[in-house]
Asks: 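Take a look at the following structure, please.
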Amino acid sequence: MPPQNSAHAPPFRVAMAGVVGRLIRCWCRRAVAGSLKVPALQLHVSKTAMGASQKDFENAMNQVKLLKEDPGNEVKLKLYALYKQATEGPCNTPKPGVFDLINKAKWEAWNALGSLPKETARQNYVDLVSGLSSSSDSSSQAKPEADRKQAEYETVVMTSEDGITKIMLNRPAKKNALTEQMYQEIMLALEAASKDDSTITVLTGNGDYYSSGNDLTNFTNIPPEGVEAKAKNSAILLRNFVGSFIDFPKPLVAVVNGPAVGISVTVLGLFDLVYATDRATFHTPFSHLGQTPEGCSSYTFPKIMGPAKAAEMLIFGKKLTAGEAYAQGLVTEVFPDSTFQKEVWTRLKAYSKLPQNALRISKQIIRSQEKEKLHAVNAKESSILQERWLSSECMNAIMNFFSQKAKL
Ligand SMILES: CCCCCCCCCCC/C=C/C(=O)SCCNC(=O)CCNC(=O)[C@H](O)C(C)(C)COP(=O)(O)OP(=O)(O)OC[C@H]1O[C@@H](n2cnc3c(N)ncnc32)[C@H](O)[C@@H]1OP(=O)(O)O
């Protein structure tokens, strides 16, 4: 064994990192050139499975060989892992020895996929290759994936830098109130962030508010099918929206840059870290609006802050200051507004350098303890709200807001 004392350890680590890098680069060159033994005939993926078909998968494998640009070691390891998962299922081979560096890196990438279903792995492989192909075809080759996707979003801004993908709510003139389009775009952005190379994903707001919650104009766009159909579709939207936070696979951080209202507060119970400026407030005025809790808060808030404090917020609509939210455990840390951005991003940049897989797997272990429960709570809350939205209490509250009689 090499010496492990402090005088020798750093040079050893540097040297080993260089060796590992060279070996992986070498393995990856072979993999991309097609000399990696990836026997297409060994595939046993059902043609009728959901998502990408066997043909899509085979096309994607061929596209990998045609890539004009080297996608980098990390991506190549991901491709390898997804390929193995899609064709063989979860990794159950013994871990290669510590000095078998290439096979160890490959094994770790595959093993990190845990029990990801074969169909999902196949779909993720196809999606990953499709992103790589379009990037090597496009003129904006040097831009990261998230930047290239920006054109697809109108209500959020998505950027990736230093291992952090930032999703910024971007309707500052409306206090980042969440329109139906915005719910959809946040879901799409989370989906993209879950698959990109970043280590950490951040949700934040542009302007003086984090978010004023559901945009109340969502209640005014009633389709010809009627208000019941609208309520039904909105309950589905809500359930999917909250579901994408429950299932998000990487560390998720809320950078609460100002006041937060309604659903933007409740889903905080599903984040891994919540950093708040001391200007932030946390307000869930559901009863005032004739509505009931969502975002799994009927379960997470009593767990986080105890039933009495949760009742004060969720039933009686008590607005918390950032300091109070910290004392109740809803917020991880509060920063002075003058240094908020600088301190938070410095902290997150340091965290994003931690081993990516370890962070992700740790998050998933924690979430797996109660994922089913969270989905059940989400379904129940959404279906209760579907009824509430049709109540006269709720309709009166919305009318009061629009007739300027009531502001929170
Ligand atoms: C049939 C069923 C359909 C249902 C569809 C639902 C889909 C899923 C729902 C999930 C459940 C979510 C629940 C919640 O989030 S409850 C919380 C809802 N939020 C509110 O009630 C906040 C309302 N806003 C306010 O009280 C104030 O605007 C606020 C205190 C936030 C800020 O006050 P301030 O005086 O500082 O600023 P302004 O009021 O002048 O705001 C500037 C402009 O922005 C508009 N605005 C702000 N927030 C909202 C909002 N939530 N919805 C709509 N519009 C909002 C405000 O009107 C101003 O607009 P103008 O400049 O045009 O006047």
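Please read all numbers here as calculations on a predicted model, not as lab measurements. Note that ligands are numbered from 1 as they come in the structure, with each ligand's atoms numbered from 1 the same way.
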Asks: What distance do Ser338 atom OG and Asp278 atom CG have between them, rounded to the nearest 0.5 Å?
Replies: 7.5 Å

Asks: Checking contacts here: is it the side chain or the backbone of Tyr209 that comes within 4.0 Å of ligand 1, counting heavy atoms only? Could be both or neither.
Replies: side chain

Asks: Please examine the side chains of Tyr83 and Val64, heavy atoms only from C-beta on, and report whether any two atoms are closer than 4.5 Å.
Replies: no

Asks: Check this for me: does any side-chain nitrogen of one of Asp162 and Lys353 sit under 4.0 Å from a carboxylate oxygen of the other?
Replies: no

Asks: Below 4.0 angstrom from a heavy atom of Leu238, which ligand 1 atoms are there? Numbered from 1 as shown, please.
Replies: 10 (C)

Asks: What atoms of ligand 1 come within less than 4.0 Å of a heavy atom belonging to Lys230?
Replies: 1 (C), 3 (C)

Asks: Report, in ascending order of atom number, the atoms of ligand 1 lying under 4.0 Å from any heavy atom of Ala177.
Replies: 49 (C), 50 (C), 51 (N), 52 (N)

Asks: If you measure from CG on Asn111 to CD on Gln85, what distance do you get to the nearest 0.5 Å?
Replies: 9.0 Å

Asks: Determine whether Tyr275 and Phe340 satisfy the following criterion, ring-ring contact (aromatic ring centres under 6.0 Å, His included), listing intermediate values before the conclusion.
Replies: CA-CA 9 Å; Tyr275 290 145; Phe340 176 60; 8.1 Å; no

Asks: Which part of Glu294 is near ligand 1, with near meaning a heavy atom under 4.0 Å away: side chain, backbone, both or neither?
Replies: side chain

Asks: Heavy-atom pairs closer than 4.0 Å: do any link ligand 1 to the side chain of Thr284, the backbone, both, or neither?
Replies: neither

Asks: Does Lys104 pair with Glu108 as a salt bridge, N-O distance under 4.0 Å?
Replies: yes

Asks: Between Asp247 and His375, is there a side-chain heavy-atom distance shorter than 4.5 Å?
Replies: yes

Asks: List every atom of ligand 1 that sits less than 4.0 Å from any heavy atom of Gly213, numbering the atoms from 1 in the order shown and giving each element.
Replies: 15 (O)

Asks: Evaluating non-hydrogen atoms only, which member of Leu178, Asn214, Asp208 is closest to atom 18 (C) of ligand 1?
Replies: Asn214

Asks: For ligand 1, is Ala173 a contact, meaning one of its heavy atoms is under 4.0 Å away?
Replies: yes

Asks: Considering only heavy atoms, does Ser212 approach ligand 1 within less than 4.0 Å through its side chain, its backbone, both, or neither?
Replies: both

Asks: Would you mind running through ligand 1 and noting each atom that sits below 4.0 Å from a heavy atom of Ser234?
Replies: 3 (C), 4 (C), 5 (C)

Asks: Out of Phe219, Phe286, Phe241, whose heavy atom is nearest to atom 4 (C) of ligand 1?
Replies: Phe219

Asks: Considering only heavy atoms, which of Gln291, Lys174, His288, Met395 lies nearest to atom 46 (N) of ligand 1?
Replies: Lys174

Asks: I'd like to check whether Leu216 has a polar contact with ligand 1, where a contact means an N/O of the residue lying under 3.5 Å from an N/O of the ligand.
Replies: yes

Asks: Any heavy atom of Tyr183 sitting closer than 4.0 Å to ligand 1?
Replies: yes

Asks: Can you sort out which atoms of ligand 1 are near Ile263, meaning under 4.0 Å from one of its heavy atoms?
Replies: 12 (C), 14 (C), 15 (O)

Asks: What pairs of donor and acceptor atoms, side-chain ones from residues 289-296 against any protein atom, are under 3.5 angstrom apart with sequence neighbours left out?
Replies:
unit_1 : atom_1 : unit_2 : atom_2 : d
Gln291 : OE1    : Trp389 : NE1    : 3.2
Glu294 : OE1    : Thr266 : OG1    : 2.6

Asks: Between Tyr183 and Asn214, is any side-chain donor less than 3.5 angstrom from a side-chain acceptor?
Replies: yes

Asks: Taking only Lys NZ, Arg NE, NH1 and NH2, and the carboxylate oxygens of Asp or Glu, determine whether Lys55 and Glu58 approach each other closer than 4.0 Å.
Replies: no

Asks: Which atom names give the shortest non-hydrogen contact between Leu238 and Asn378, and what distance separates them?
Replies: O-OD1, 4.3 Å

Asks: If we only consider heavy atoms of Leu237, is any one of them less than 4.0 Å away from an atom in ligand 1?
Replies: no

